[in-house]
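What follows is one structure encoded as structure tokens, with my remarks underneath.
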Amino acid sequence: MRLKACINGPRTPAEHNAIPITPDQIRTESLGAVNAGAEAIHLHPKTPDGTDSLAAEHVASAVRAAREAGVPVGVTTGAWSTPDAASRLAAVESWTTLPDFASVNWHEEGAADLARLLMRRGVGVEAGLWTAAAARAWLASGLTGDCIRALLEVQPGDTPDVADELVALTESSGVPLLLHGQDDTCWATLRSAVARGLATRIGLEDTLTMPDGSPATGNSDLVTSALAFFRV
């Protein structure tokens, strides 16, 4: 996989009118992203008001809708949707429709237990690594080789050396790496990922603007622009 589309994230339509919330919107944006060249979909299941949710009914409807695009579908397990670690485990245990993979942020409480639960249920785990400390904790967890990939996530305001450090810490793990940024770090980090030969991602979760700073109309044009960097 070279490029994954992250179609909504924790954003709401108040930030951009193309942020998909409903199953129909998720289906439309997933199809558009895949038709533009994305090879997988990452999404945040939502309540009807646009709040992130790990509830079984919201995960099921979102995953089923995105699967119509015909590529692997993953979901978040971010603690902002269910802050209590025990409640997050209970929510994931209740899922009736399973995604192909799920991201687990390793700096969040209960990450290793959550990863083990997902693995037991047959869901691939992407280790979300935002900091060097999180990367070291993941490497020491005993679960490194059981993850399908590591998501090296450069946060808004981070300097380029954050990506350098995350790659240096994880490149010998034997696990596929995906490097991406968000907002002001998005496009520079995507270029860096392509130059390093790493997978990356793009979508309205990571940025609302095109490489030239103009507003993005949706996920499909972001995917099209991202793929152009692979052809340079």
Side-chain angles (χ1 to χ4, degrees), residues 4-34 38-106 108-111 113-115 117-128 130 148-149 151 153 178 180 182 201-208 218-220 222-223:
K4 177 169 63 176
C6 49
I7 62 171
N8 54 5
R11 301 188 195 269
T12 71
E15 296 174 76
H16 193 291
N17 60 13
I19 298 291
I21 300 299
T22 69
D24 282 347
Q25 292 166 345
I26 288 170
R27 181 183 302 107
T28 297
E29 285 298 306
S30 297
L31 285 166
V34 171
E39 298 160 272
I41 298 294
H42 168 78
L43 61 86
H44 291 214
K46 304 280 191 181
T47 64
D49 68 359
T51 303
D52 281 11
S53 171
L54 298 184
E57 64 192 279
H58 301 135
V59 172
S61 60
V63 168
R64 287 197 298 262
R67 279 219 171 104
E68 294 192 30
V71 298
V73 174
V75 302
T76 185
T77 62
W80 53 85
S81 59
T82 308
D84 176 69
S87 297
R88 198 154 61 251
L89 286 171
V92 172
E93 189 70 75
S94 76
W95 289 355
T96 53
T97 298
L98 297 177
D100 299 290
F101 57 90
S103 59
V104 176
N105 296 323
W106 227 262
E108 295 175 350
E109 181 184 0
D113 289 339
L114 180 56
L117 171 59
L118 288 162
M119 291 171 185
R120 285 199 302 271
R121 300 208 67 195
V123 178
V125 171
E126 300 181 305
W130 297 17
I148 63 169
R149 69 180 65 89
L151 304 182
E153 308 198 37
L178 186 155
H180 75 99
Q182 292 186 316
R201 77 179 202 185
I202 196 67
L204 292 172
E205 174 173 357
D206 284 355
T207 185
L208 303 179
N219 286 288
S220 60
L222 289 169
V223 170

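Because only heavy atoms are used, hydrogens play no part in the values below, and waters and symmetry mates are left out as well, while side chains stay in.
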Using every non-hydrogen atom in the two residues, find where Lys46 and Asp52 come nearest and quote the distance to one decimal. NZ-OD1, 2.6 Å
So, taking the atom named NE2 in His180 and the one named CD in Glu153, what distance separates them when rounded to the nearest 0.5 Å? 3.5 Å
Roughly how far, to the nearest 0.5 Å, is CG of Leu54 from OG of Ser87? 10.5 Å
Nearest 0.5 Å, what's the CG-CG distance between Asp206 and Asn219? 10.0 Å
Hey, is Glu126 close enough to Arg201 for a salt bridge, meaning N to O under 4.0 Å? no
Any side-chain heavy-atom pair of Ile148 and Val125 under 4.5 Å: no
Val92 versus Leu114, closest heavy-atom pair with distance: CG2-CD1, 3.7 Å
Can you list the steps and then say if Val75 with Leu43 is a side-chain contact (heavy atoms from CB on, under 4.5 Å)? CA-CA 5 Å; Val75 302; Leu43 61 86; 3.9 Å; yes
Please round to the nearest 0.5 Å and tell me the distance separating atom CD of Glu68 and atom OG1 of Thr28. 9.5 Å
Between Arg121 (side chain only) and Trp95 (backbone N and O only), is there a donor and an acceptor less than 3.5 Å apart? yes
So which atom in Ser94 and which in Ala91 form the shortest heavy-atom distance, rounded to 0.1 Å? OG-O, 2.6 Å
Work out which heavy atom in Ala66 is nearest to a heavy atom in Ile41; give both atom names and the distance. CB-CG2, 4.3 Å
Sequence neighbours excluded, the answer for salt bridge (Lys or Arg N to Asp or Glu O under 4.0 Å) partners of Arg11 is Glu15, Asp183
Are Phe101 and Leu118 close enough that some pair of their side-chain heavy atoms sits under 4.5 Å apart? no
Taking the side chain as everything from C-beta on, heavy atoms only, tell me whether Glu205 gets closer than 4.5 Å to Pro10. yes
Which atom names give the shortest non-hydrogen contact between Gly110 and Ala85, and what distance separates them? CA-CB, 4.4 Å
Under a plain distance cut-off of 3.5 Å, with no hydrogens placed, do Thr47 and Asp49 share a side-chain donor-acceptor pair? yes
Taking the side chain as every heavy atom from C-beta outward, state whether Leu151 and His42 have any pair of such atoms under 4.5 Å apart. no
Using side-chain heavy atoms (C-beta onward) and a distance below 4.5 Å, is Ile21 in contact with Asn8? no
Can you tell me how far OG of Ser220 sits from CD of Glu29, rounded to the nearest 0.5 angstrom? 6.5 Å
May I ask you to test the Glu39-Pro72 pair for a side-chain heavy-atom distance under 4.5 Å? no
Is a donor on one side and an acceptor on the other found under 3.5 Å between the side chain of Thr82 and the backbone of Ala79? no
Heavy-atom side-chain proximity of Thr97 to Arg67 below 4.5 angstrom: yes
Would a 4.5 Å heavy-atom cut-off, applied to side chains only, mark Leu117 and Arg120 as touching? yes
When rounded to the nearest 0.5 Å, the distance separating CD1 of Ile7 from CG of Leu222 is 12.0 Å
Looking only at non-hydrogen atoms, find the nearest pair between Ala5 and Ala33 and report the distance. CB-CB, 3.7 Å
